[in-house]
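Beneath this line is the structure, given in structure tokens, with notes to follow.
Keep in mind the model is a prediction, meaning the values are calculated, not measured. For this chain, numbers begin at 1 and follow the sequence in order.
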Amino acid sequence: MLTGAWPEADDPVRRAAIGHAAAFATWRSPCREQGLTDREAVELMVATAGAIGVEC
């Protein structure tokens, strides 16, 4: 399961972010519309999911 990479995987907000990141439509914006490579888009989504719950 994708959420296993994060210790706080039971967090519903993190689960929603990971589910969103895994959706095909999510990749259209960063890859097709913003010009990121697949690798860059993956790094973006991992960083986004990892930042949930981190206070700035």
Side-chain angles (χ1 to χ4, degrees):
M1 186 174 239
L2 292 174
T3 58
W6 288 275
E8 308 85 7
D10 289 336
D11 177 359
V13 175
R14 188 177 310 266
R15 280 187 165 292
I18 293 168
H20 176 68
F24 174 78
T26 301
W27 296 96
R28 183 171 186 81
S29 177
C31 294
R32 296 261 174 115
E33 297 170 14
Q34 304 301 321
L36 296 182
T37 65
D38 286 345
R39 179 176 290 272
E40 290 168 329
V42 168
E43 290 173 4
L44 170 65
M45 293 302 166
V46 169
T48 300
I52 293 171
V54 176
E55 293 188 30
C56 297

Original post:
Which pairs pass salt bridge (Lys or Arg N to Asp or Glu O under 4.0 Å) with one or both residues in residues 16-37, sequence neighbours excluded?
Top reply: Arg28-Glu33
Original post:
Which pairs pass salt bridge (Lys or Arg N to Asp or Glu O under 4.0 Å) with one or both residues in residues 35-52, sequence neighbours excluded?
Top reply: none
**OP:** Name all residues meeting the side chain to side chain contact (heavy atoms under 4.5 Å, CB included) criterion together with Ala17; count only those two or more places apart in sequence or in a different chain, and write none if there are none.
**Re:** Ile52
